[in-house]
Amino acid sequence: MADEAVAEHPAEPAAPKAKDARSPEAPRGGARGDDNAKDAPDAPGSSDPSDAADAEAAEREKERERAADRFKDRTRDPLAEEQGEEEPTDAAAATRARRSGQKLLASGRDLIGFDRSDVGRLHIGDINIGLDARRSGLSMRDGPVPEEELLRIRRTHIEPEGYVRLRRALEARRLLVLGGAPGTGRASTALALLEEVTRDGESGQNAERVRRADPERGVRELAGQVVAGEGGRLRGTGYLLEPALDRPGTLPPDGMDLDQLASALAERGSYAVVVVSVGSAANPLLAGRYGAICPPAPTRELVAVRLRKRLEEEHGDPVRVGGGSGTRHGDGGGGPDGHADRDRDGGRDEGRARGADRGGDRPRGGGPDEDGSLSRLLERAAELREDPEVTEAVGLDDLRPAEAELFASLLAGHLLGSVGREELLSGCRGLAAVQAYEWFAGVDRALAAPPPGDGRAPVRSGTAALFHPVAFRIALAVLGGASHSAVSAAAHLLTWELSVQSDPDSTPARPLFCDDPESDLALSRARPADGPVDVAGAEVTGRLIFYRGAALPAAVLAELWDRHFPVRAPVVRWLRLLADDPRPQVSMRAAVAAGELSVRDFEHGYAELVRPLAEAPTPRRRVFAATALDQAAGHASHRRAVRKVVEDWSRHGTPALRWTAAMALGYGRSADSMDDTLDALARIGVRDDGEQLAVASLNVVRLLTLPECATVLRRLADWTGHRGEEYQDLALVSIVRLALTDVDEVLDDEPGTPLGDRGDWPLLLALAATRPELTGKLADLFWTALNTARSRDVAFDALETLLRSASRKDGRAWTREGLAALLPALTAEEHDQRRLKWLLQRMMRDQDRPLTEERARALWRLAVPARQRRSDEEESHG
């Protein structure tokens, strides 16, 4: 047949002359290409002139139409039931959100609980490090800072970026309000500043030239203390104050209070640094003339200087690799604000820290390096620090001072032979666990404390402000990678739930203008990043937010669920609210997190989250439950339990539970094998006259993205030849859905895989292009749907969709590769080619989207080999 024949307008062709044996309505035992038209139910009726025959033919035609309508209903999206037929679901966005959530929580920490009897003191090998998160500024009473501590600060403090600017501001104004997140070294930087500005002043030789002020006195009391000056004997003194602004009922100082303190300091030639945590209470202070943000010290230099100190203090003579297992007694919790205590002569300044990081500089001060063993050991330490397994175990993008102290101790212990490889990795994993512990330890203890200066009744106001930082950290652990606005909104919902749980008799206040995105980032060790956000099926650029470390999300969830049982009730209520969120970036990430929490206590997670939502009337909640179950099945420890639950639901569950089981089976991990998975889906799909055939067929299609794709195609072929019409319909609906489903709606793989790079392709064409060994099976199955009466109309519409996807609107190639593989196998017989010709002509006559003659001819050339086209052309010309 010549290419020009495509442009002709013949009458609509009659039914195909042949049917495959796998076609449900073809005679059993037939073969594709046999002439069985007169026996097939969809063949034209005989020309009997009797009225009875006409009536019978008309009734058969009506039944055919009814069957076609029922079939079409079953091909609709089962996830869109609650939204209506005209409101499709964004399955691709849901798949991407689930994949992103799994990536953030899959940090190689399957039920890892850091082995510690007391989080305040970590004991690994022979390393004993103190990291007591419960220590606060309230424990630092008024008094002088010992000279030896100032000496250690002077020798070992790592200057953060902008340190010189901070020192000049302190020298000029006498007062500095220094803001930072707890644990970042802000108090150590404050002491370093005070030590430097008072070193050559009036109190240079005074043993009390730097003093800590009692946090309970506040700025006004400190001003009075400065003026009094201990009877006039204190001049040129440096004062460190850490007011407890996070206590309910505590008001921050105003500008006049700070001016009064600055005036008193100038009068006595003294200096003061007021250390505050970034947040809504301190923001006015930091925005004023005395305010400044304290950046964290650089991680590499922190680790380098502490590592060199650890290695040097181990031996007074040249270090020998693997030598000795001396006892280590360094306490990393004695310094201010989480900084580790340092030996008087064990540290080095910042320049030597950089030298230690390179591993080649000889330490000034006579360190043991005569035979080069220390330099070589430092080189090995630098290599060990960059070891991918160690880096993954640490799981933090940057380390804080106390963490750097512990990390350096672990590295040094491993190099010296006192800490084994597993102990090293376990200790590194514990860093994130300790941070999570610090964030949650005794958060609501302040609610039970009396107001400042009054011992009467505890203050119960301000719960929202107290709980918001905690709620934000939990929301970020659950929704990390989502937009900042989504995480913040979820955090406010959780703040409300926590406040109500803590004080059920009071309605918590809901501050409207207290949010500070920069404070949220600092207090939660988070970072922003521009990235894609799915909105109504389209991707737009938004401001996303992540933890600064892959280990923190899992550590936060583990700390929350394993150590704080009262908080489970409000978190469960909050997760149920997130399950109803229409944005996939919220609901799917929350489902993944719910699965992780269920793994940590499956009894509680199943009873409070999975089972109630699995029986919910809305598909969105049931998808949430299925996703949580699959996440739990990803853990070998819980896979058997999840499979038992899903099997019971598929056999004996209510309709809602069977629906949820079908969605869980579609992930491919909720049954022992692919055949067991398909058996369960068939059991769900054929029951009750195919009531849940739509959701079963959807999940059969999802399984086609897995490596066992050939097994799924084999079972589909078996179902098309099954005696039961319900099995035939399950196969036919699955085949049509395969042609109508895009890859990124069902694929879990990241871009970069053969299927992942074809995310906007119909799955049928993507498989034909990437799995050539499956092309024949795919073509046979789709041919069966095209040649079966009840599925023919929908299958033809799907074929038209496939043909239109050959090229994009701008003319660029799209799915031509897949069509080039599928169409020749689909149109091997003459009557199949006639049908394709008719369909192309119909598409050219389409009034809304006419197909150009050029594209029609290109599609015809893809389907019909050149040799056959020449033969047809010769035959047509005699």
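Under a 3.5 Å cut-off, the side chain of R576 and the backbone N or O of E608 do form a donor-acceptor pair. Between the side chain of R589 and the backbone N or O of G480, at least one donor-acceptor pair lies under 3.5 Å. Distance alone, capped at 3.5 Å, is enough to place a donor-acceptor pair between the T95 side chain and the E745 backbone. Looking only at distances, a side-chain donor or acceptor of W574 sits under 3.5 Å from a matching main-chain atom of A490. Between the T299 side chain and the L399 main chain, a donor and an acceptor come within less than 3.5 Å of each other. Side-chain atoms of R98 do not come within 3.5 Å of backbone N or O of A94 as any donor-acceptor pair. Within the 3.5 Å criterion, the main-chain N or O of V533 finds no donor-acceptor partner in the side chain of Q585. Judged by distance alone, the side chain of S488 and the main-chain N or O of H484 form no donor-acceptor pair under 3.5 Å. Listed for the D257 side chain is a donor-acceptor partner under 3.5 Å among the backbone atoms of D254. Side chain of S502 to main chain of L498: no donor-acceptor pair is present (N/O by atom type, distance under 3.5 Å, no hydrogens or angles).
Around atom CD of E161, no more than 12 heavy atoms belonging to other residues, nucleotides or ligands sit under 6.0 Å away. Sparse packing is recorded around CZ of R168, with 12 or fewer heavy atoms of other residues, nucleotides or ligands lying under 6.0 Å away. Summarising the local packing, CZ of R220 is surrounded by 12 or fewer heavy atoms from other residues, nucleotides or ligands at distances under 6.0 Å.
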Take R167 and E159 through the salt bridge (Lys or Arg N to Asp or Glu O under 4.0 Å) test and state the conclusion after the steps. CA-CA 11 Å; R167 188 194 66 210; E159 295 180 358; over 6 Å; no

Step by step, work out the side-chain contact (heavy atoms from CB on, under 4.5 Å) result for D259 and Y290. CA-CA 9 Å; D259 289 338; Y290 303 105; 2.7 Å; yes

Under the side-chain contact (heavy atoms from CB on, under 4.5 Å) criterion, do L575 and L597 qualify, and how do the steps go? CA-CA 11 Å; L575 287 173; L597 293 176; 3.9 Å; yes

What verdict does the side-chain contact (heavy atoms from CB on, under 4.5 Å) test give for D520 and H468, after you've listed the backbone C-alpha separation in whole Å, the side-chain angles of each residue and the deciding distance to 0.1 Å? CA-CA 9 Å; D520 290 339; H468 180 70; 3.9 Å; yes

Working note: R300 + E386, criterion salt bridge (Lys or Arg N to Asp or Glu O under 4.0 Å); need CA distance, chi angles, decisive distance, verdict. CA-CA 11 Å; R300 293 183 63 85; E386 302 300 329; 3.1 Å; yes

Applying side-chain contact (heavy atoms from CB on, under 4.5 Å) to L396 and F407, what does each step give before you reach the verdict? CA-CA 11 Å; L396 301 173; F407 185 46; over 6 Å; no

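The shortest distance between side-chain heavy atoms of F467 and I474 does not fall below 4.5 Å. Residues E559 and W439 are not in side-chain contact: their nearest non-hydrogen atoms beyond the backbone lie 4.5 Å or more apart. Residues R173 and L265 have side chains not in contact (no heavy-atom distance under 4.5 Å, counting atoms from C-beta outward). The shortest distance between side-chain heavy atoms of L170 and E196 does not fall below 4.5 Å. With a 4.5 Å cut-off on side-chain heavy atoms, R620 and P582 count as touching. Contact annotation: the side chain of C428 never approaches that of T391 to less than 4.5 Å [non-hydrogen atoms, C-beta and beyond]. Contact check for P528 versus L521: side-chain heavy atoms found under the 4.5 Å cut-off. Side-chain contact between V478 and L557 is present, with at least one heavy-atom pair separated by less than 4.5 Å.
Distance check, rounded to the nearest 0.5 Å: CZ of R568 to CG of D601 gives 4.5 Å. Y239 OH to R212 CZ: the interatomic distance, rounded to the nearest 0.5 Å, is 15.0 Å. To the nearest 0.5 Å, atom CG of residue L302 and atom CG of residue D398 are 10.0 Å apart. In this structure, L261 CG and L175 CG are separated by 5.0 Å, a value rounded to the nearest 0.5 Å. A distance of 6.0 Å separates CG in L176 from CG in L166, rounded to the nearest 0.5 Å. In this structure, T627 OG1 and L613 CG are separated by 11.0 Å, a value rounded to the nearest 0.5 Å.
For the residue pair Y547 and A477, the shortest heavy atom distance occurs at CE1-N, 3.5 Å. For A593 against L105, the heavy-atom pair with the smallest separation is CA-CD1, 3.9 Å. The shortest non-hydrogen separation linking P298 to P160 is CD-CA, 4.5 Å. The two residues P243 and V274 have their closest heavy-atom pair at CD-CG1, 3.7 Å.
Qualifying side-chain hydrogen bond (donor to acceptor under 3.5 Å, both in side chains) partners for R473, counting only residues two or more places apart in sequence or in other chains: none. Scored by the side-chain hydrogen bond (donor to acceptor under 3.5 Å, both in side chains) test, Q260 finds no partners at all (sequence neighbours excluded).
At a threshold of 4.0 Å, the pair R400-E438 does not count as salt-bridged, since none of the basic side-chain nitrogens sits closer than that to a carboxylate oxygen. Between D397 and R525, no side-chain nitrogen of the basic residue sits less than 4.0 Å from a carboxylate oxygen of the acidic one, so the salt-bridge criterion is not met. Ionic pairing of R306 and E403 is not present here: no N-O contact between side-chain nitrogen and carboxylate oxygen is shorter than 4.0 angstrom.
In this pair, F440 and H564 present their aromatic rings tilted. The plane angle is within the 30 to 60° band.
Side-chain atoms of S277 and R186 form a donor-acceptor pair, as typed in the model, at a separation below 3.5 Å.
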